[in-house]
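The block underneath contains the structure these notes are about, expressed in structure tokens.
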Amino acid sequence: MTRRPGPGARARTAGGVALAAVVLAGCSLLGPPDPDSPEGRVEVLVEALVAADRDALLEVLDDERFSTSTALLTDEVLAQGVFAGREVDVETTNRHLGAREFALRLEEQDEDERPWLEPGFTSSGDPVGLVLPTVTLQGRGVHALRVGDQTIEVGPLPPEGTSFYLPPGEVELAAVGGERYVEREPPERIDTRELLGRRERDLGGRLTPEARAVVRKEVAEHLDRCTGTFRRDRPSACPLRKAWIGGLAEETWTVDGVPRVDIRAGLDAWYFSTRGRLRATMRGTYVPLGGGPAVPAADAFPVRIDGTVEVRGGRLVVRVQG
């Protein structure tokens with residue numbers, strides 16, 4: 001164990017070696033600390049990060065207050081962390097009633113350099129806030145995440161995103177999924193010291209030209225389906241004023257204009273709308289709701305076609321909403 005001048009007590013641990021002592025306020029507490037004490041919990045945390053041991057790390061993170069995923073904390077990802085296989089300097093930075101706060105640096109770091117991790121534990125060993133860096137990830141068509149050279153299946157990310165724990169260090173992060181239809185940004189290198197709180201990152205992506213062509217084709221085919229003569233067999237989502245619903249005995253539709261499709265990204269999907277002067281014209285016969293003979297009916301109005309685009313399991317799913 002080594003001690004350096006500073007505002008609090010310091011101890012050092014290396015991979016596979018337990019903390020020999022924890023020095024507090026100038027007094028040495030010899031022997032291993034109580035495993036349920038703040039000093040005992042930070043020892044477990046440090047040794048798990050040094051050994052890149054997921055199972056040991058989960059003992060410290062097992063707290064139901066935080067809805068944060070541990071999916072990225074595999075042994076292989078932890079081995080990419082800044083503390084893996086290194087000597088770690090532990091400093092007690094704050095002592096107050098019922099809790100301790102610590103600063104974790106590499107042993108060779110200067111004491112004035114920003115620590116890689118600043119966990120806190122209560123006197124009963126419970127975490128004070130989040131023990132590890134976290135990031136909330138959002139993105140469309142994402143089914144896996146690549147951390148360094150490791151690819152981890154995470155399933156579709158919900159619109160609000162998913163919060164993940166990350167090991168302390170400089171982490172290279174990228175989205176995986178739908179590469180045929182989605183252009184992804186290159187991997188982003190994140191210094192986890194910048195992740196104060198639950199920082200959000202949109203892994204997003206842009207639809208490829210091939211995907212955009214599919215959307216335009218779906219819109220054109222939808223308009224084709226809505227053009228023609230129908231006898232109560234009109235396709236769903238075709239343009240129609242509510243006043244005519246259920247009363248048209250026969251209807252003939254045409255749509256004039258060339259659809260131009262705008263696509264924008266949302267949190268969980270892409271959304272598209274047509275723009276330009278699309279105009280639907282109808283000629284037909286209408287049966288009044290009160291009964292009686294059918295009467296001629298005609299209508300004309302501008303139309304817009306809206307819909308969504310998703311990438312699921314390598315498939316492009318286009319839904320037209322009318």
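The analysis underlying the following values was restricted to heavy atoms, covering all of them including side chains, and did not include hydrogens, waters or symmetry mates. Counting begins at 1 with the first residue of the sequence.
Shortest non-hydrogen contact noted between Ala297 and Leu248 is CB-CD2, 4.2 Å. Of all the heavy atoms in Thr151 and Ala144, the pair that sits closest is CG2-CB, 4.0 Å. Here the shortest heavy-atom pairing between Ser69 and Thr162 reads CB-CG2, 4.2 Å. For the residue pair Glu183 and Pro209, the shortest heavy atom distance occurs at OE2-CD, 3.7 Å. Shown here for Leu223 and Pro259, the closest heavy-atom pair between the two residues is CD1-CG, 3.8 Å.
No continuous path of hydrophobic side-chain contacts links Phe272 to Leu267 [ILVMFWY only; heavy atoms under 4.5 Å]. Taken together through direct or relayed side-chain contacts under 4.5 Å among Ile, Leu, Val, Met, Phe, Trp and Tyr, Val255 and Phe230 form part of one hydrophobic cluster. Linking ILVMFWY residues whenever their side-chain heavy atoms come closer than 4.5 Å, directly or via other members, leaves Val176 and Val77 in distinct clusters. The hydrophobic cluster containing Leu106 also contains Val42, counting ILVMFWY residues as joined when their side-chain heavy atoms lie under 4.5 angstrom apart, directly or transitively. The hydrophobic cluster containing Ile305 also contains Ile263, counting ILVMFWY residues as joined when their side-chain heavy atoms lie under 4.5 angstrom apart, directly or transitively.
A side chain to side chain contact (heavy atoms under 4.5 Å, CB included) with Val215 holds for exactly one of Val309, Thr308, Val320; it is Val309. With Val88 as reference, Val46 is the one residue of Leu45, Leu117, Val46 to meet the side chain to side chain contact (heavy atoms under 4.5 Å, CB included) rule.
Distance check, rounded to the nearest 0.5 Å: CZ of Arg189 to CD of Glu170 gives 5.0 Å. Taking CH2 from Trp116 and OG1 from Thr192, the interatomic distance works out to 6.0 Å, rounded to the nearest 0.5 Å. Atoms CG and CG, on Asp75 and Asp53 in that order, are 6.0 Å from each other to the nearest 0.5 Å. Atom CG of Leu157 sits about 10.5 Å away from atom CG of Asp268, to the nearest 0.5 Å. Residue Leu104 holds its CG atom at 8.5 Å from CG of Asp89, rounded to the nearest 0.5 Å. Distance check, rounded to the nearest 0.5 Å: NE2 of His222 to OG1 of Thr227 gives 9.5 Å.
With a 4.5 Å cut-off on side-chain heavy atoms, Glu91 and Glu111 do not count as touching. A heavy-atom distance below 4.5 Å is not found between the side chains of Glu172 and Gln80. Looking at Ser124 and Asp36, their side chains never come closer than 4.5 Å, going by heavy atoms from C-beta outward. Within the 4.5 Å cutoff, the side chain of Arg100 has no heavy atoms near those of the Arg41 side chain. The side-chain heavy atoms of Pro38 and Phe102, taken from C-beta on, include a pair separated by under 4.5 Å. Between Phe164 and Val154, the closest side-chain pair of non-hydrogen atoms falls below 4.5 Å. With a 4.5 Å cut-off on side-chain heavy atoms, Val214 and Leu207 do not count as touching. Looking only at side-chain heavy atoms (C-beta outward), Val142 and Arg184 come within less than 4.5 Å of each other.
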Checklist entry - Please walk me through it: do Glu87 and Glu108 pass side-chain contact (heavy atoms from CB on, under 4.5 Å)? => result CA-CA 8 Å; Glu87 291 186 341; Glu108 63 266 24; 5.7 Å; no
Checklist entry - Is there a side-chain contact (heavy atoms from CB on, under 4.5 Å) between Leu145 and Leu203 once you walk through the steps? => result CA-CA 10 Å; Leu145 296 170; Leu203 301 174; 3.4 Å; yes
Checklist entry - Can you check salt bridge (charged side-chain N to carboxylate O under 4.0 Å, His left out) on Arg264 and Asp262, steps first, answer last? => result CA-CA 7 Å; Arg264 67 185 187 282; Asp262 282 338; over 6 Å; no
Next on the checklist: Applying side-chain contact (heavy atoms from CB on, under 4.5 Å) to Leu73 and Leu78, what does each step give before you reach the verdict?
Outcome noted: CA-CA 6 Å; Leu73 297 181; Leu78 290 173; 4.0 Å; yes
Checklist entry - So Val182 and Trp270, side-chain contact (heavy atoms from CB on, under 4.5 Å) or not? Walk me through it. => result CA-CA 11 Å; Val182 184; Trp270 291 268; 3.7 Å; yes
Checklist entry - What do the steps show when you test Glu113 against Arg105 for salt bridge (charged side-chain N to carboxylate O under 4.0 Å, His left out), and what is the final call? => result CA-CA 8 Å; Glu113 189 175 342; Arg105 297 177 176 84; over 6 Å; no
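Environment of CZ in Arg225: crowded, with over 12 heavy atoms of neighbouring residues, nucleotides or ligands closer than 6.0 Å.
Residues in residues 137-147 take part in these salt bridge (charged side-chain N to carboxylate O under 4.0 Å, His left out) pairs, two or more places apart or across chains: Arg140-Asp202. Among residues at least two apart or in separate chains, there is no side-chain hydrogen bond (donor to acceptor under 3.5 Å, both in side chains) pair with a member in residues 276-288. Pairs engaging residues 148-180 under the disulfide (SG to SG under 2.5 Å) rule: none recorded [sequence neighbours left out].
Legend: residues meeting side chain to side chain contact (heavy atoms under 4.5 Å, CB included) with Leu173, ordered by chain and number and at least two apart, are Leu137, Val147, Ile190. Residues passing the salt bridge (charged side-chain N to carboxylate O under 4.0 Å, His left out) test with Asp191 are Arg193, sequence neighbours excluded. For Asp299, the side chain to side chain contact (heavy atoms under 4.5 Å, CB included) test picks out Arg241, Trp244, Met282, Phe301, with sequence neighbours left out.
A salt bridge links Arg206 with Glu185: at least one charged nitrogen is closer than 4.0 Å to a carboxylate oxygen.
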